[in-house]
Amino acid sequence: MKRFITRKKIKVPRYKILYFLTFLIITFMIIINVGVNIFLNSIDKDKLSNSIYSNSFGNLFKSNNNLFYENVFGLPFNDTKVNGEVEEPIIYLYNTFQTDKYVNPYYSSYSINPVVTQGNLILQEYLKKLNVYSLVEKESVAKTLKDNNIEYTLSYKGSRILMEKAKNNNQSLEYFFDIGISEDKRDVTTYVSDKGSFAKILFIVGTDYEAYEENKRFASILNDKLVSINKNISRGISMRGGNGYHGVYNQDFSTKALRIFIGGKENTIDEVNRSLKIFASILADYIKEEAYEKK
């Protein structure tokens, strides 16, 4: 008669199981991270940013040789060509602090936030629909600072270099807008209505240069037009100078130069989009009025 031999069960301590699982998780994360880096390094960064910007609105994707994107608002992402001809830009859109970010609920899981430079593209396209053409600065302020041995605290000197370069290459430029993001809380930078939420607009005028009254007058005209459409979107005009402020903001470059905060760090790009559509309309209105007066 055969005897049944029972095998002794091997007990693995719980801490060893936890160590093993931790090892697997870490290994998996490293593999994923390496894979993502390889992917990002293999693609065109400009096309990736356009894709993220496009899809942040839940946009439709259209493909051709130039990876053309068009969002649900009907804004094409292309250059300033009209009927094959390049229009002369009269507005220069730039950002002294190009890495400032808006909040992004769509891509928060991937830590991808819309940066302030995307607001320039939105404004450019709305203006273009109104037959007003602009130039968006594409060069890096940070690189400009580095190339010229300028400290980050003097960032306005970096953006000034790019502004002067843009003007030298485009004599048609008349208006200069440095778009920024406010550090204020959401309740200060947001207007909510039955038509949706909007990023409030604040005009910044420095006072530490001789002709600031002219820039203030320019800001007042634009703000009055904004208030006439929707007073709740305007945060008015902030006069800044003296201790604690930069006080110039490159506005000594032109009497039609302004720094403008479109919303704050807690606003979404959708809220910014709604406000920029309104701002584009008042800006186009002002430019056309001024052109009529010059005739």
Side-chain angles (χ1 to χ4, degrees), residues 44-50 53 77-81 86-102 113-128 132-183 201-206 208-212 214-215 218-219 222 240 245-263 272 276 279-280 283 287:
D44 187 311
K45 301 300 188 298
D46 290 334
K47 290 176 181 177
L48 174 63
S49 62
N50 280 342
Y53 168 52
F77 296 90
N78 51 17
D79 54 25
T80 58
K81 288 183 179 179
V86 178
E87 295 289 333
E88 290 189 340
I90 61 172
I91 299 173
Y92 177 61
L93 301 175
Y94 71 106
N95 317 91
T96 295
F97 302 100
Q98 295 172 321
T99 58
D100 286 355
K101 297 178 181 179
Y102 292 106
N113 291 64
V115 293
V116 66
T117 53
Q118 293 172 352
N120 296 357
L121 297 175
I122 296 173
L123 181 55
Q124 181 184 48
E125 295 302 333
Y126 277 134
L127 287 169
K128 183 178 176 181
V132 176
Y133 302 97
S134 58
L135 173 67
V136 172
E137 182 56 66
K138 295 180 180 179
E139 292 191 38
S140 168
V141 173
K143 185 177 184 302
T144 302
L145 293 173
K146 182 179 180 181
D147 291 345
N148 291 274
N149 296 316
I150 301 174
E151 296 180 4
Y152 178 78
T153 54
L154 302 175
S155 291
Y156 285 101
K157 285 190 175 182
S159 58
R160 177 61 168 256
I161 291 172
L162 297 179
M163 179 191 292
E164 291 175 348
K165 181 179 178 180
K167 177 61 176 177
N168 289 335
N169 294 333
N170 302 271
Q171 290 298 315
S172 58
L173 293 175
E174 297 180 36
Y175 308 91
F176 305 84
F177 298 110
D178 184 359
I179 308 298
I181 298 177
S182 172
E183 290 293 319
I201 298 175
L202 177 65
F203 298 94
I204 308 294
V205 177
D208 294 343
Y209 58 99
E210 188 174 342
Y212 78 88
E214 289 298 313
N215 297 73
F218 179 42
L222 294 182
R240 301 186 178 186
Y245 290 106
H246 182 273
V248 181
Y249 308 105
N250 291 326
Q251 292 169 7
D252 58 332
F253 183 77
S254 168
T255 56
K256 300 291 176 61
L258 292 174
R259 178 155 172 75
I260 307 174
F261 286 161
I262 309 295
V272 170
L276 285 175
F279 180 63
L283 184 55
I287 289 173

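Note that the numbering runs from 1 along the sequence shown for the chain. Computed from a predicted model, the values in this text were never measured in an experiment.
Taking each heavy atom of V205 and A219 in turn, the nearest pair found is CG2-CB, 3.8 Å. Heavy-atom minimum distance, V272 versus I262: CG1-CG2, 3.7 Å. For the residue pair Q98 and V116, the shortest heavy atom distance occurs at O-CG1, 3.8 Å. Annotation for L276 and L123: closest pair O-CD1, 4.0 Å, computed over non-hydrogen atoms. Scanning both residues, L135 and A166, for their nearest heavy atoms gives CD2-CB, 4.1 Å.
For the atom pair OH of Y126 and CG of L121, the computed distance is 12.5 Å after rounding to the nearest 0.5 Å. Taking CG from L222 and CZ from F177, the interatomic distance works out to 5.5 Å, rounded to the nearest 0.5 Å. The OG1 atom of T99 sits 9.0 Å away from atom CD1 of I181, with the distance rounded to the nearest 0.5 Å. How far OH of Y175 is from CG of L283: 8.0 Å, rounded to the nearest 0.5 Å. Y245 OH to R240 CZ: the interatomic distance, rounded to the nearest 0.5 Å, is 5.5 Å. Here CD1 of I260 is found 4.5 Å from CD1 of I179. Values are rounded to the nearest 0.5 Å.
Residues that satisfy the ring pair (Phe, Tyr, Trp, His ring centres under 6.0 Å) test with Y92, not counting sequence neighbours, are Y94. In terms of the side-chain contact (heavy atoms from CB on, under 4.5 Å) criterion, residue partners of Y212 (sequence neighbours excluded) are, by chain and number, T207, Y209, M239. Remark: E164 engages R160 in a side-chain hydrogen bond (donor to acceptor under 3.5 Å, both in side chains) (not counting sequence neighbours). The side-chain contact (heavy atoms from CB on, under 4.5 Å) search around K143 returns S140, D147, not counting sequence neighbours. Applying the salt bridge (charged side-chain N to carboxylate O under 4.0 Å, His left out) test to K256 and every residue at least two apart in sequence or in another chain returns E290. By the side-chain contact (heavy atoms from CB on, under 4.5 Å) test, N148 is found to be paired with T144, I150, I161, residues two or more places apart in sequence or in another chain being considered. Scored by the side-chain contact (heavy atoms from CB on, under 4.5 Å) test, S155 finds T96, F97, L145, Y152 as partners (sequence neighbours excluded). Taking the salt bridge (charged side-chain N to carboxylate O under 4.0 Å, His left out) definition, one finds that K165 meets it with E139, sequence neighbours left out. Applying the side-chain hydrogen bond (donor to acceptor under 3.5 Å, both in side chains) test to T117 and every residue at least two apart in sequence or in another chain returns nothing.
A donor-acceptor pair is defined here as one N or O able to donate and one able to accept, closer than 3.5 Å; no such pair exists between the side chain of N120 and the backbone of V136. The main-chain N or O of Y156 is found under 3.5 Å from a side-chain atom of N250 such that the two form a donor-acceptor pair. A donor-acceptor pair is defined here as one N or O able to donate and one able to accept, closer than 3.5 Å; no such pair exists between the side chain of D208 and the backbone of V248. Between the side chain of N215 and the main chain of G206, no donor-acceptor pair closer than 3.5 Å is present. One N or O on the side chain of Q124 and one on the backbone of S134 form a donor-acceptor pair closer than 3.5 Å.
Sorted by first and then second residue, the salt bridge (Lys or Arg N to Asp or Glu O under 4.0 Å) pairs with a member in residues 167-176 read E174-K294; sequence neighbours excluded.
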- Report the C-alpha distance between I90 and I287 in whole Å, list the side-chain angles of each, state the deciding distance to 0.1 Å, and finish with yes or no for side chain to side chain contact (heavy atoms under 4.5 Å, CB included). CA-CA 9 Å; I90 61 172; I287 289 173; 3.6 Å; yes

- Is there a side chain to side chain contact (heavy atoms under 4.5 Å, CB included) between M163 and F176 once you walk through the steps? CA-CA 8 Å; M163 179 191 292; F176 305 84; 4.0 Å; yes

- Message: Evaluate F261 against I204 for side chain to side chain contact (heavy atoms under 4.5 Å, CB included), listing each step before the verdict.
- Response: CA-CA 8 Å; F261 286 161; I204 308 294; 4.0 Å; yes

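The environment of CD in E210 is sparse: at most 12 heavy-atom neighbours from other residues, nucleotides or ligands sit within 6.0 Å.
Counting heavy atoms from C-beta on, the side chains of L162 and V141 come closer than 4.5 Å. A heavy-atom distance below 4.5 Å is found between the side chains of I91 and V132.
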